[in-house]
Amino acid sequence: MLYVTLPEEKTRKASFYLAMEEFVAHNVTNDDCLFYWQVGPSVVFGRNQLIRNEVNLTYCREHNINIFRRKSGGGCVYADKDNVMFSFITSNENVGFTFNRYINMMVLMLRKMGVNASATGRNDIMIDGKKVSGNAFYHIPGRSIVHGTMLYDTDMENMVNSITPADEKLKSKGVESVRQHVALLKDYISLDIEDFKMFIRRNLCDGEHMLTSHDIEEIEKIERDTYLSHDFIYGKDPRHTLTKRRRIEGVGVIEIHLEMKGDMIKGASLHGDFFSTGNSAETLLKRLENVRLERSAITDALPDNTENIILNLKKEDLINMLINNEN
């Protein structure tokens with residue numbers, strides 16, 4: 001198996017490595033290829049998922065966590081520099097066989113390190129009944145791509161709060177509950193994260209394919225055109241309505257209905273017992289159309305003199321109301 005390496009070491013976004021998988025699949029002819037990668041705090045969700053159901057967008061914006069969609073199915077994952085992501089590209093077109101081969105390959109590597117790992121369910125690797133790795137795959141003509149996480153360590157606060165859990169029990173108990181279901185590899189092996197990566201590479205790969213600067217340009221083009229595209233990330237989300245309601249001292253009750261498409265405000269309506277002082281209050285929200293629901297974009301879109309439109313309403317109070325999680 002060839003290990004695919006980059007000509008320079010630098011921190012890149014998850015979108016780059018997802019594009020790199022595609023590039024390798026189309027352009028590197030060796031039967032089997034592997035590479036691993038690490039990213040800054042990121043959420044990567046599946047091809048068929050609705051972002052608003054899976055990702056806490058407000059938390060991610062406030063904590064500088066990047067959001068990406070991948071082309072494989074499966075669930076939403078959190079990644080950061082303390083865990084390792086693997087990409088496996090093979091010419092075998094039997095997706096089920098390829099998927100099982102990759103997972104069993106990783107289980108064998110963990111067992112060689114002395115870890116009692118096992119493959120469980122559709123796509124997980126477990127240690128002592130706890131999940132240490134989740135994996136997903138997709139197929140292009142002539143090639144199959146498998147990618148997965150390996151939790152060496154991670155920021156548990158970010159993991160819990162950036163992803164919207166389907167299990168309300170997990171949500172209510174937070175980090176403590178999730179930690180009981182997640183295995184961190186650092187607790188089971190004596191290797192640090194760099195030695196762990198090298199162990200995998202030495203034991204699975206017998207050659208290297210170095211990408212060129214031209215290859216990097218092609219990968220970055222795939223990244224721009226697809227994985228960084230707003231339509232690709234948010235396009236599967238139908239329009240939906242968020243309701244923001246708050247009583248502000250000296251202003252009254254304000255209720256705002258936001259019609260959303262992904263993270264973009266497509267329309268807004270205003271209700272409540274406040275007093276308009278000049279221009280129609282609806283003209284205030286007209287400024288929010290086609291604006292992202294995040295602090296800096298809203299700050300730029302709104303006028304500074306909101307008190308001249310709604311009595312006593314400070315701009316900062318309106319911004320906080322719009323971006324706050326509470327409805």
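What you see below is based on every heavy atom in this structure, not just the backbone, and it leaves out hydrogens, waters and symmetry mates. What you see is a predicted model, and the numbers here were worked out from it, not measured in a lab.
Judged purely by atom type and a 3.5 angstrom limit, R246 has no side-chain atom pairing as donor or acceptor with the backbone of V253. A distance-only check finds a donor-acceptor pair linking the side chain of R69 to the backbone of R47 [under 3.5 Å].
Side chains of H209 and V24 form no contact here, defined as non-hydrogen atoms less than 4.5 Å apart. Side-chain contact check for L57 versus R61: some heavy-atom pair is nearer than 4.5 Å. Residues R292 and M264 have side chains in contact (heavy-atom distance under 4.5 Å, counting atoms from C-beta outward). F232 is not listed as a side-chain neighbour of D225, based on a closest heavy-atom distance of 4.5 Å or more. Residues N116 and Y188 form no side-chain contact, since every pair of their non-hydrogen atoms from C-beta on lies 4.5 Å or further apart. Side-chain atoms of T149 and M85, non-hydrogen and from C-beta on, do get closer than 4.5 Å to each other. The side-chain heavy atoms of L211 and M20, taken from C-beta on, include a pair separated by under 4.5 Å.
Side chain to side chain, Y227 and E22 meet the donor-acceptor criterion of an N or O pair below 3.5 Å. Side chains of D31 and S91: a donor on one and an acceptor on the other come within 3.5 Å. In this structure, a donor-acceptor pair under 3.5 Å is absent between the side chains of H257 and E259. Between the side chains of D32 and T90, at least one donor-acceptor pair of N or O atoms lies under 3.5 Å.
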Practice item. Verify salt bridge (Lys or Arg N to Asp or Glu O under 4.0 Å) between E218 and K221, making sure each step is shown before the conclusion. Key: CA-CA 5 Å; E218 293 298 310; K221 184 178 187 304; over 6 Å; no
Practice item. Determine, stepwise, if the pair D192 / Y152 fulfils side chain to side chain donor-acceptor pair (under 3.5 Å). Key: CA-CA 9 Å; D192 66 23; Y152 182 87; 5.8 Å; no
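V182 and M126 fall into different hydrophobic clusters, where Ile, Leu, Val, Met, Phe, Trp and Tyr residues are linked whenever their side-chain heavy atoms come under 4.5 Å apart, directly or through other members. In the hydrophobic clustering of this structure, F97 does not group with I145; members are Ile, Leu, Val, Met, Phe, Trp, Tyr whose side-chain heavy atoms approach within less than 4.5 Å, directly or through other members.
Just one residue in the list Y36, F35, F86 forms a ring-ring contact (aromatic ring centres under 6.0 Å, His included) with Y3, and that residue is Y36.
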Throw together a table of side-chain donor-acceptor distances under 3.5 angstrom for residues 6-15, partners on residues two or more places apart or in other chains.
residue, atom, partner, partner atom, Å
R12, NH1, E220, OE2, 3.4
S15, OG, E223, OE2, 2.6

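Taking the side chain to side chain contact (heavy atoms under 4.5 Å, CB included) definition, one finds that E208 meets it with T5, R201, M210, sequence neighbours left out.
Taking the six-membered ring where tryptophan is involved, the planes of H147 and Y138 are tilted, since the angle between them lies from 30° to 60°.
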